[in-house]
Amino acid sequence: MAGSINTENGVVVCPECGGKDFQHDASRGESTCSSCGLVVSAQHIDTGAEWRAFTREEKDARARTGAPMSLLIPDKGLSTTIGLSMKDAAGRALNGSTRAAMYRMRKWQIRSIAHSSEIRNLSIALRELDRLASNLGISRDAKDTASFIYRKALSKRLVRGRSIEGMISGALYIACRMHRVPRQLDELADESILSRRELGKCVRQLIRYLDLKVPIPSATNLIPRVASELNLNGKTVVRAGSIISQAKERGITAGKDPGGIAGAAIYIAGILEDDRRTQREIAEIVNVTEVTIRNRYKELARKLAISPM
DNA sequence: AAGACGAAAGTGGTTGA
DNA sequence: TCAACAACTTTCGTCTT
């Protein structure tokens, strides 16, 4: 069940019910209507040029930038490199002494890049970041943030004596939480050499020493993802969302694994909306056991006075 | 036969002395 | 640093659909 977004005077409107409130899942580029649960796909940002050109000359004349500046390239893609061709700007061959000077300059430039330990470290880290993010399907936004966090860690000498891989994975995990991308610590740990435990340590250090404010992972963010993997219908999704917000108001969620809460809410919502999924199916996706889903759902049903039977 | 249930024992992390 | 503790897991026997 998916639709495309309609726009009314620049305001995004649900094509199904006209609702204007959406929950966004940046990692999948999907939004879910909060009132009817319709999943809409949308390109949130148009990254193309804002002008049009009809001929090659027009295009060349209007293009005013080079490659986009990116935090994902060690020198942000902004540095000038000395080219290999031994010609001057007008295309004439260089004379002997200029030529020798160019050789020397190029040599030093390469050395200063390759031999600066910080840049070398960063190159390794960013390559690893690329690998992790593409394996986990994480958006560029989150990747940029991770790279920013890692740079900060590097400049504060936090990376010294710790593994590059741990720190970059940790940075990515934090970035995911900041962007409310529902990726769990386990998923990152599975993807890297590190254990969940070690990764957790890196994450805590990053947060502490860089004084980052990181939103607490919330059960709400997991809903769209579970919903799409289980093909839940829209009503179930909305129902699950409202169960979670009720639970939050009553303070039942504190200290509990968000996966367990989300799973339980979906299980209950499934029964209420006649859109049942087994505890096992749900448990697998939110990375908890059936027992935990059971315990959470019993608790939710009791404290919120919902009788799913 | 699959799914749900609940008891019991074990694990890893947090907290407070 | 250690013990107590809550949340969660694993395992397993039993009940329900």
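Only heavy atoms go into these numbers, but all of them, side chains included; no hydrogens, no water, no symmetry mates. Below, chain A is the first sequence line, B the second, and so on; all start at residue 1.
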> Between A:R208 (CZ) and B:dT14 (C1'), how many Å, whole number?
Replying inline: 14 Å
> Just wondering, more than 12 heavy atoms not from A:I193 lying within 6.0 Å of its CD1?
Replying inline: no
> Could you give the CZ-to-P distance, from A:R204 to B:dG13, as a whole number of Å?
Replying inline: 7 Å
> Strictly by modelled atom types, are A:S139 and A:H179 linked by a side-chain donor-acceptor pair under 3.5 Å?
Replying inline: no
> In whole Å, what is the span from the CD atom of A:E299 to the C1' atom of B:dG6?
Replying inline: 16 Å
> With distance as the sole criterion, do the side chain of A:R294 and the base of B:dG6 form a donor-acceptor contact below 3.5 Å?
Replying inline: yes
>> Taking 4.0 Å as the cut-off, does a side-chain nitrogen or oxygen of A:Q279 come that near to OP1 or OP2 on B:dC5?
In response: yes
> Would one find a side-chain N or O of A:Y297 under 4.0 angstrom from OP1 or OP2 of B:dA4?
Replying inline: no
> Could you give the CD1-to-C1' distance, from A:I268 to B:dA4, as a whole number of Å?
Replying inline: 14 Å
> DNA chain B: A:R280 or A:V291, which has the more 5' nearest nucleotide?
Replying inline: A:R280
> Between A:L126 and A:Y173, is there a shared hydrophobic cluster once you connect ILVMFWY residues whose side-chain heavy atoms come closer than 4.5 Å?
Replying inline: yes
> So do the side chains of A:V214 and A:V203 get within less than 4.5 Å of each other, counting heavy atoms only?
Replying inline: no
>> Do the side chains of A:E229 and A:R225 get close enough for a salt bridge, i.e. N-O under 4.0 angstrom?
In response: yes
Look for any protein N or O under 3.5 Å of an N or O in nucleotides 5-8 of chain C and output each such pair with its distance, or none.
{"from": "C:dC8", "atom 1": "OP1", "to": "A:D257", "atom 2": "N", "distance (Å)": "2.3"}
{"from": "C:dC8", "atom 1": "OP2", "to": "A:R296", "atom 2": "NH1", "distance (Å)": "2.2"}

> Among the clusters formed by ILVMFWY side chains lying less than 4.5 Å apart, do A:V237 and A:L222 turn up in the same one?
Replying inline: no
>> For a stem of at least 3 consecutive Watson-Crick or G-U pairs with distances under 3.5 Å, i pairing with j, i+1 with j-1 and so on, which stems involve DNA chain C?
In response: B:1-11 with C:7-17, B:13-17 with C:1-5
> Can A:T236 and A:N233 be counted as having a side-chain donor-acceptor contact under 3.5 angstrom?
Replying inline: yes
>> Strictly by salt bridge (charged side-chain N to carboxylate O under 4.0 Å, His left out), give each pair with a member in residues 244-257 of chain A just once, sequence neighbours left out.
In response: A:K256-A:E299
> In whole Å, what is the span from the CD atom of A:E290 to the P atom of C:dC15?
Replying inline: 19 Å
>> Can you tell me if A:R131 has over 12 outside heavy atoms packed within less than 6.0 Å of its CZ?
In response: yes
